[in-house]
Amino acid sequence: MDAAISPSRASDAPYLSVTIPIYNEEDNIPLLYQRTRDALDALKHSWELILVNDGSKDRSTERLDEVASADSRVRVIHLSRNFGQTAALMAGLDHARGEIVIPMDGDLQNDPADIGKLLSKLDEGYEVVSGWRKDRKDAAIKRNLPSRIANDLISHVSGVHLHDYGCSLKAYRRNVLDGVKLYGEMHRFVPIYAAWNGARVTEIEVTHHPRIHGESKYGLERIVKVVLDLLVVKFLFKYSGKPIYIFGGFGLASFGVAALVFLWALWLKLFDGISLIQTPLPTLTVMLFAIGILSILMGLLAEMLNRTYHESQAKPVYRIGRIVQSGLPGLES
C-alpha cells in the first residue's frame, strides 16, 4: 500500500503518538483503550491514540467508533480492506503527530504500562528503544522457536543485534521515522533502517501477556516472508545506490564459470577423446554465458532506474545528521 501524505503537524501537536493496528479484535478494544488511556495519563505528557482498523470483519468497526466518539484524543483510521499489519502500522505512522511515536499490538499481549519504561530509556540518548518479550506467552514450538531462529538470522545478516524484532512495542523519535516507507513484513526492520542511518538503538525487557480473546493472525508461513523481506532490506541498503555491483558481479561470475566449463569440455575432447556432443557441458557453457549477459544488462537497467529515481525527484544519495556553523546556531539540529 502506498503511504498517504502525512498531515501537517500543528504547534499543538501532542508529545506522544501511540499507534495500534486492529484486525478482528472486538472483544479486546474496550480494555485496550482503557489500559492505554490509564498508562498514558499517568505519564503527564500530551498524547494521542491512533487506532487503525485493518479491514476487520467483526464488530471492531463499531467498537472503535464508540471509543473515538468518547475521547477526542483518539483517532480511528478505517482502511478500505485488510492490507496487513505493516500497511496498518504505516498508516498510523503517517498520521502520527507526536515527537515520540510508539507502535504496539492490539491483542492485549503488549502492556501499555511499559510505555513509561521506553520513554525513560529514550531519555538516555537513544533514538529507538525496542521491546524484548523475554518471557513470551506464546506456543513454544509454533511461535517462539521460529521467532528465535528468525531473530538470530536477522541480527546476523543486519549486524543490528536485538533479541526480539517481532515485538511491536517500540519507541521512536520522530526524526527516525521521517521518510520511512514500509512494505511486506518490513515493520520489524525499522530499527535496522535507523541503525544503518546512524541512530542509537537499544532494547529493554517488556511484559508479555497471554492472549485473552481472539486468535493469533500469524503462522509459520510468516518466517518465509520475513526471510524474503530481509533479503530485500539487505539489498536496498548495500546496493540500492550501485545495483550494477551485484548484477554485474553475478554476470562476471557466470562468465567465469562458463569459461571453466568450456575448458573442461575441451580437456575431455583433447585428452579423453570424449566428443563435445556426448556431454551437456557445451550447452551449460552457452546457458551460463547468456545468464552473464542478461545479468549485466539488468544491472545497467537498474542503474538507469536508480538515476531516474534520484534525479527526477531531487532525492539526495546521502542523509545529513546535523550541520554546525559558527555564528549560525539555527543550522545545528
Side-chain angles (χ1 to χ4, degrees), residues 9 11-21 31-52 71 73-75 89 92-93 95-138 147 151 154-155 158-178 180 182 187-210 321-322 332-333:
R9 299 182 182 97
S11 58
D12 60 345
Y15 180 70
L16 296 176
S17 291
V18 177
T19 175
I20 306 176
L31 186 56
L32 173 68
Y33 162 67
Q34 178 185 336
R35 289 182 177 178
T36 305
R37 180 199 62 197
D38 293 345
L40 293 175
D41 282 342
L43 296 175
K44 308 303 181 184
H45 289 297
S46 60
W47 58 269
E48 66 177 354
L49 176 60
I50 302 174
L51 302 170
V52 182
D71 192 335
R73 297 169 297 182
V74 177
R75 190 185 322 166
L89 281 172
L93 297 180
H95 289 81
R97 299 177 299 147
E99 290 300 315
I100 306 297
V101 181
I102 301 175
M104 58 182 287
D105 283 334
D107 54 12
L108 292 177
Q109 291 194 271
N110 291 145
D111 194 334
D114 286 326
I115 292 176
K117 294 166 56 178
L118 297 176
L119 296 179
S120 297
K121 199 66 178 177
L122 278 179
D123 289 340
E124 295 179 15
Y126 295 98
E127 283 78 37
V128 179
V129 180
S130 181
W132 173 19
R133 301 165 295 180
K134 188 174 183 179
D135 184 18
R136 189 171 175 179
K137 307 297 184 182
D138 284 323
S147 178
N151 287 319
I154 295 171
S155 294
S158 69
V160 182
H161 298 281
L162 297 177
H163 291 89
D164 191 2
Y165 277 94
C167 182
S168 295
L169 183 58
K170 295 178 171 68
Y172 302 101
R173 295 194 182 277
R174 162 59 58 186
N175 64 299
V176 171
L177 297 174
D178 286 339
V180 169
L182 303 177
H187 63 276
R188 68 187 68 244
F189 299 138
V190 175
I192 297 176
Y193 286 122
W196 284 348
N197 283 306
R200 294 186 63 196
V201 179
T202 189
E203 65 180 348
I204 61 172
E205 295 181 22
V206 295
T207 305
H208 192 242
H209 298 290
R322 61 191 189 119
E332 185 173 354
S333 59

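- Atom-to-atom distance recorded for Leu162:CG and Cys167:SG is 10.5 Å, nearest 0.5 angstrom.
- Looking at heavy atoms from C-beta onward, Leu51 lies in side-chain contact with Leu49 at the 4.5 angstrom threshold.
- Under the ring pair (Phe, Tyr, Trp, His ring centres under 6.0 Å) criterion, His45 pairs with Tyr15, not counting sequence neighbours.
- Partners of Thr19 under the side-chain contact (heavy atoms from CB on, under 4.5 Å) rule, at least two apart in sequence or in another chain, are Ile50, Val52, Leu93, Val101, Pro103.
- Sorted pairs that involve residues 98-121 and meet ring pair (Phe, Tyr, Trp, His ring centres under 6.0 Å), not counting sequence neighbours, are lacking altogether.
- Between the Glu48 side chain and the Arg97 main chain, a donor and an acceptor come within less than 3.5 Å of each other.
- Applying the side-chain contact (heavy atoms from CB on, under 4.5 Å) rule to Asn151 yields the partners Ser147, Asp164, Tyr165; only residues at least two apart in sequence or on another chain are considered.
- Remark: side-chain polar atoms of Arg75 are paired, donor with acceptor, to backbone N or O of His95 under 3.5 angstrom.
- Across Leu122 and Val128, no two heavy atoms sit closer than the pair CD2-N, 4.0 Å.
- Here Arg133 does not pair with Asp111 in a salt bridge; the nearest charged N to carboxylate O distance is not below 4.0 Å.
- Under the side-chain hydrogen bond (donor to acceptor under 3.5 Å, both in side chains) criterion, Tyr33 pairs with Asp71, sequence neighbours left out.
- Asp114 pairs by the salt bridge (charged side-chain N to carboxylate O under 4.0 Å, His left out) definition with Lys117, not counting sequence neighbours.
- Residues Glu99 and Arg173 are not paired through a salt bridge, judged by the lack of any N-O separation under 4.0 Å between the basic side chain and the carboxylate.
- For the atom pair CH2 (Trp47) and CG (Leu16), the distance works out to 10.0 Å, reported to the nearest 0.5 Å.
- Looking only at distances, no side-chain donor or acceptor of Ser168 sits under 3.5 Å from a matching main-chain atom of Met104.
- The closest side-chain heavy-atom distance from Leu119 to Leu43 is below 4.5 Å.
- The shortest side-chain heavy-atom distance between Asp12 and Ser46 does not fall under the 4.5 Å cut-off.
- For Thr207, the side-chain hydrogen bond (donor to acceptor under 3.5 Å, both in side chains) criterion is met by no residue, not counting sequence neighbours.
- Residues forming a ring pair (Phe, Tyr, Trp, His ring centres under 6.0 Å) with Trp132 (at least two apart in sequence, or on another chain): His163.
- Residues Gly98 and Ser17 share a closest heavy-atom pair of N-OG, 2.7 Å.
- For Val190, the side-chain contact (heavy atoms from CB on, under 4.5 Å) test picks out Tyr172, Leu177, Leu182, with sequence neighbours left out.
- Side-chain contact between Ile192 and Ile154 is present, with heavy atoms from C-beta onward closer than 4.5 Å.
- Listed by chain and residue number, nothing satisfies the salt bridge (charged side-chain N to carboxylate O under 4.0 Å, His left out) test with Asp38 (two or more places apart in sequence, or in another chain).
- Between the side chain of Ser130 and the main chain of Glu203, no donor-acceptor pair closer than 3.5 Å is present.
- Atom-to-atom distance recorded for Leu32:CG and Arg37:CZ is 11.5 Å, nearest 0.5 angstrom.
- For the atom pair CD1 of Ile102 and CG of Asn110, the computed distance is 11.5 Å after rounding to the nearest 0.5 Å.
- Checking side-chain atoms of Asp105 against main-chain N and O of Asp107 turns up no donor-acceptor pair under 3.5 Å.
- When all heavy atoms of Arg200 and Glu127 are compared, the closest pair comes out as N-OE1, 2.6 Å.
- Under the 3.5 Å distance criterion, the side-chain polar atoms of Trp196 are matched with a main-chain donor or acceptor of Ser158.
- Legend: residues meeting salt bridge (charged side-chain N to carboxylate O under 4.0 Å, His left out) with Asp135, ordered by chain and number and at least two apart, are Lys137.
- By the side-chain contact (heavy atoms from CB on, under 4.5 Å) test, Thr202 pairs with Lys121, Tyr126, Val129, sequence neighbours left out.
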